[in-house]
Every structure is written in C-alpha cells, then in structure tokens.
2 protein chains.
Amino acid sequence: MEPNISFVAGLIGDATRASMLTALMGGKALTATELAIEAGITSQTASSHLSKLVDGQLLIVRKQGRHKYFQLKGSDVAQLLEMLLNITSKTTHSKTVTGPSDPRLRQARVCYDHLAGELSVALFNSLIKNEWIGDNGINDNEARLTVTGKAFFTELGVDFNILSTSKRPICKACLDWSERRSHLAGALGQWVLNDIFNKGWASKDLDSRAIHFTPAGLKLFAKKYDLPLLSTQGSQ
Amino acid sequence: MEPNISFVAGLIGDATRASMLTALMGGKALTATELAIEAGITSQTASSHLSKLVDGQLLIVRKQGRHKYFQLKGSDVAQLLEMLLNITSKTTHSKTVTGPSDPRLRQARVCYDHLAGELSVALFNSLIKNEWIGDNGINDNEARLTVTGKAFFTELGVDFNILSTSKRPICKACLDWSERRSHLAGALGQWVLNDIFNKGWASKDLDSRAIHFTPAGLKLFAKKYDLPLLSTQGSQ
DNA sequence: GCGCTGCTTCGATGAGCATCGAAGTATTAT
DNA sequence: ATAATACTTCGATGCTCATCGAAGCAGCGC
C-alpha cells in the first residue's frame, strides 16, 4: 500500500488553509491572529484550521506567553508549496497572457528562505555568466558551485564550513513560478537573502512577501553580483 | 495576488482522485474503466473525477475508438505526486516503525518513468561509488554525470545526442519515499528503466506499479551496474 | 484583583460535493 | 442492422466540513 497523498493534499486544498500556508512562505513566523486576518476569517475558524495543519505536520507552533507563532515545518513543505505554485501558475497561464498582477511580487519576493523574482533570476543568470555556478551543459536546471564561484562567495563573506554543516544543498535551482526560469535556492540562496537584509539593501513588505529594495540598495546589489542595471521598482 | 494553490491541491486531496493519480505514476496510460476499478468506484463517478483532473490539467486524455486513455500531464505533475508521497510517508513514519508494507513496491517499482525502490537506490550508490556520477561533496542530493560515467553509459548503449535533445535533465536525484535516499531520475533514469524492460530483465506488475525482476535478470542487472548481490524478491 | 487580549471549545447552520441508479450517446463486434 | 461495450449526463441522496456566535481558559497589563 502506498502512502495516502490525499490527506496532505487535502490539507492544502482548502482555500483558507492555502492562504495561510502561502503567507508563511514569506519565511516569518506568524501568529494565529495574523493568519486569521490574512485569510479573512474569525479566530475560531483560524484555530480549527491551524490545529489541522499542525497535526498534519505541515506547520510547527511555538508559544510565547499567550501568543502562538506558526511556521512551515521545513524546507520540504516549502518546496511542495512552491511546486504547487509553479503548477498552478502554469495552469493559469494557459488561460491568461501575463504573469502575476502584482509587480512587487514579481520583482523580488521571499521564497521561504531565499530571494525569488526577476532580481533572483537575474542573479542566477549572472552566476552562470560569470561561471560562479556550473553551466555544465549536461544537467539543465541544476546549480553547482564552481571553484571560482566558491572563491567569489568566500570573498563576499560566506563561511563554507558553516554552510556545509547543514544537510541541505549548498546550491539548488528553484523554478520561479513568476519568471518560469530558475533562481538560487539552498544554503547559499538563504545566505544571499540574509546578506541583503543585513546590509539594509532591501526590507520585507509588511503585509505580503514582496521585498522592497531601496534605490541605493538595488544599485549596490546589481554591482556586487554583476547584474545589468535594472529598472527601479514598478508602480505602486 | 499569488496563484491559488488550493485548486490543484484540492484536486489531489480527494481519496478517489488521489488513488487514480497514484495508479498513473506507473507510467502507463490507463482507461477510464481501469481507473474506476483501481479506485473502487462506478464508471459514472470515475467519469466525473477524470473530467475534473483533465480540466485541472493534471491529466491528459487520448481517445481510441470508444476507449479513453489517461496519463499524467507531464513529469512536473509526477514530481509533485512523488513529493507528496515523500512528505506523506515522512508524516506516517513518525508514527510507525517500518516502511511500506508491500515488499514488492519496496524492492522495485516505477516512479513515473524511472526505477525506484531498493534496487534503484543501490544503483544510485553504485554510480557514486564507481564515480560515474559526481560525488562532489558540495551539492548533496544532486546528480552530475562524470566523464567516466558518460563513457560507461555510452558503452551500455546510451546515445547522449538523443538524450540531450530533451529539455529535461540528463541526471536527476529523486528522493525515494520508501528508502529515504536518492535514486536516479531524469532522462538517464528513464533510459535505464527502458533498457531493463527491453532486455527482459524485469516486467511490470499487472495491477500495481511494482516491477518483477526474473532471477536471471536480477543477476544481470547487478552485474551490469556493479551492485552487491541482492536477495531475490520478497515473499508473495 | 480586575479587565483586556489571544486563543480554544462547543454547538448550530448551511453549502459543497461524492456517490450511484437510470437513461443516453458513441463505438465496435457480430 | 443489431447487440454489446465504454463512457457521459441527469437527478436524487446523504455525508463532510467550513463557518461563526457564545462561552470558556490562559496570560498579562494596570
């Protein structure tokens, strides 16, 4: 007997729970009240749904006084949700012409723990162009750090001894549902995003997982990673 | 606005539809009647569910006379289902001790278009041990064909000019939900499975996606890929 | 100690949807 | 041409589950 995938899929298959899970793709822990507001339901309904998601092992919960903070259980859950976003957008795109309507999500957003969007795809392309990750011609859509790439990131401040202690891959290609091309995930993708925040080049949007680069931050980001100069943020 | 993942997840989240989708992970096209029997429902119910899966772009359908044949829409749908199997088995395994109860599925089975199970994990390990795929120490869980690996497979009869015309990766690691370790997917994984069938080493089970190796076939397979001698098939 | 906040539990309500018998359509074998 | 098979459509039935008002519990500020 094979595992019953309908149980996990059924947890995600409710619009309210899906909305909460997507909100958590921003990588931050959110409270039950915040998730209720995000999903547009009462706290009773939120409580019921969150119990199911925790019991179903898609979320973990931490208590802090009377607050309960919820997070995705791990990167495998995030990958599942990202794959669902990819397949869903592919489905939707066969009916519509353009990508996501929100240009802020399109330009830069958090994909669980790394950067996604136009800027991240541009970053990925620059890593290939500069041969910092391997363009080996045999394995498409896969990322492999080269020797010069390792030197480049070491110079930026990456400590590979620390990154290697994680079980997760250093480099990983993650298919961007908005751009349909790959961006950088894995431990290195996470480091890059943290570095962007630490340097103050960008900050998280308060009510979505969009990321806002400052004009100066965008310029420094483009220079640091050898990106072609990109337009500043879209309208709104 | 981000894509609404609950729609696709909801399609999979019904036990009947999930059963049909899992049956199609065997890689074969199945008729509506076969899928009805597989799921234990009437043909009216099957018809309704299959319409939803086709409209939702998880399945494609081909007519041949009065028969309709259904297949997964592509490898991305198969990957999504495999990831759901992985997460579901991880969830279940936190409650139980052992893996899948059916030893036949555990030893060898079809994972959409490639071999999965103990034999495929052993194959993957042998490819690493013999340095036919890269064990580069930086990227865990990723597969990269080496120069000697390409020579090995060319000698086996792989035509890499043909494999390279596909957009999909030549080599890909696929996490095996039953073994919790990686096996070989991608174009090369598909070639290996086809070769096994073409040589008559194994055949598909009629009513599940288990694969049955003949004793001679198992021996030849082990020899060809330098595997330690494995026990023959489990009971039943 | 009291009142407020965050969250949970209970019970009622109603919408959504899976199921199948009956009847129908298209295809194919005889 | 007729009968059988594969599949679809219609309509009835009943089950599941999301929702929230009310009430309750735990934590915390005053």
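Proteins come first, then strands; the chains are lettered A, B, ... in the order of their sequence lines, and each starts at number 1. For the numbers below, each heavy atom of this structure counts, side chains included, while hydrogens, waters and symmetry mates do not.
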Task: Residue pair B:Leu11 / B:Lys52, side-chain heavy-atom distance below 4.5 Å - done: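 Side-chain contact under 4.5 Å: yes.
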TODO: Compare all side-chain heavy atoms of A:Leu80 with those of B:Leu80 and state whether any distance is below 4.5 angstrom.
DONE: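 Of all side-chain heavy-atom pairs linking B:Leu80 with A:Leu80, at least one is under 4.5 Å.
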Could I get the full list of side chain to side chain contact (heavy atoms under 4.5 Å, CB included) partners for [X], not counting sequence neighbours?
| X | result |
| --- | --- |
| B:Ala9 | A:Ile12, A:Leu84 |
| B:Asn194 | B:Gln190, B:Asn198 |
| B:Ala116 | B:Arg109, B:Cys111, B:Asp176, B:His183 |
| B:Leu220 | B:Trp201 |

Task: Any pair counted as ring-ring contact (aromatic ring centres under 6.0 Å, His included), so long as it reaches residues 28-79 of chain B, sequence neighbours left out - done: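 Sorted pair list comes back empty.
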- [ ] Note down the inter-axis angle between the two ends of the helix from C:dG1-D:dC30 to C:dT30-D:dA1, five pairs each, to the nearest 10°.
- [x]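 Taking the rotation axis at each end, their angle is 20°.
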Open item on the list: Donor-acceptor pair, distance only, cut-off 3.5 Å: does the side chain of A:Ser51 make one with the backbone of A:Ser47?
Closed with: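 Yes: the side chain of A:Ser51 pairs with the backbone of A:Ser47.
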Task: Contact state string [nucleotides 9-20 of chain D, B base, S sugar-phosphate only, - no protein heavy atom under 4.0 Å] - done: B--------SSB
Open item on the list: Set out, in order, the CA-CA distance, both residues' side-chain angles and the distance that settles side chain to side chain contact (heavy atoms under 4.5 Å, CB included) for A:Ile196 and A:Phe221, then state yes or no.
Closed with: CA-CA 8 Å; A:Ile196 288 166; A:Phe221 175 72; 3.6 Å; yes
TODO: Grab the NE2-C1' distance between A:His67 and D:dC25 for me, whole Å please.
DONE: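 It works out to 16 Å between those atoms.
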- [ ] Write down the distance between CG (B:Leu53) and P (D:dC7), rounded to a whole number of angstrom.
- [x]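 Answer to the nearest Å: 15 Å.
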Pairs of donor and acceptor atoms involving the side chains of residues 20-45 of chain A, under 3.5 Å and at least two apart or interchain, shall be tabulated with distances.
unit_1  : atom_1 : unit_2  : atom_2 : d
A:Thr22 : OG1    : A:Ala18 : O      : 2.8
A:Thr31 : OG1    : A:Glu34 : N      : 3.1
A:Thr31 : OG1    : A:Glu34 : OE1    : 3.2
A:Glu34 : OE1    : A:Thr31 : N      : 2.7
A:Thr42 : OG1    : A:Gln44 : OE1    : 3.2
A:Thr42 : OG1    : A:Thr45 : N      : 3.4
A:Thr42 : OG1    : A:Thr45 : OG1    : 3.2

Open item on the list: Could you check whether atom NZ of B:Lys224 has more than 12 heavy atoms from other residues, nucleotides or ligands sitting under 6.0 Å from it?
Closed with: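 Count not over threshold, so no.
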Open item on the list: OP1 or OP2 of C:dA26 versus the side-chain N and O atoms of B:Lys68: is any pair under 4.0 Å?
Closed with: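 The answer is no; no side-chain N or O of B:Lys68 sits under 4.0 Å from OP1 or OP2.
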Task: With sequence neighbours excluded, residues passing salt bridge (charged side-chain N to carboxylate O under 4.0 Å, His left out) with A:Arg17 - done: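 A:Arg17 satisfies salt bridge (charged side-chain N to carboxylate O under 4.0 Å, His left out) with no other residue.
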TODO: Return each pair, listed once, that meets salt bridge (charged side-chain N to carboxylate O under 4.0 Å, His left out) where at least one residue sits in residues 188-197 of chain A; pairs must be two or more places apart or across chains.
DONE: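 Listed by first then second residue: A:Asp195-A:Lys199.
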Nucleotides 26-28 of chain D: which of its N/O atoms have a protein N/O under 3.5 Å away?
unit_1 : atom_1 : unit_2  : atom_2 : d
D:dG27 : N2     : A:Arg66 : NH1    : 2.2
D:dG27 : N3     : A:Arg66 : NH1    : 3.2

Open item on the list: Quick check on contacts: within residues 29-38 of chain A, what sits under 4.0 Å from DNA chain C by heavy-atom distance?
Closed with: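 Under 4.0 Å from DNA chain C: A:Thr31, A:Ala32, A:Thr33.
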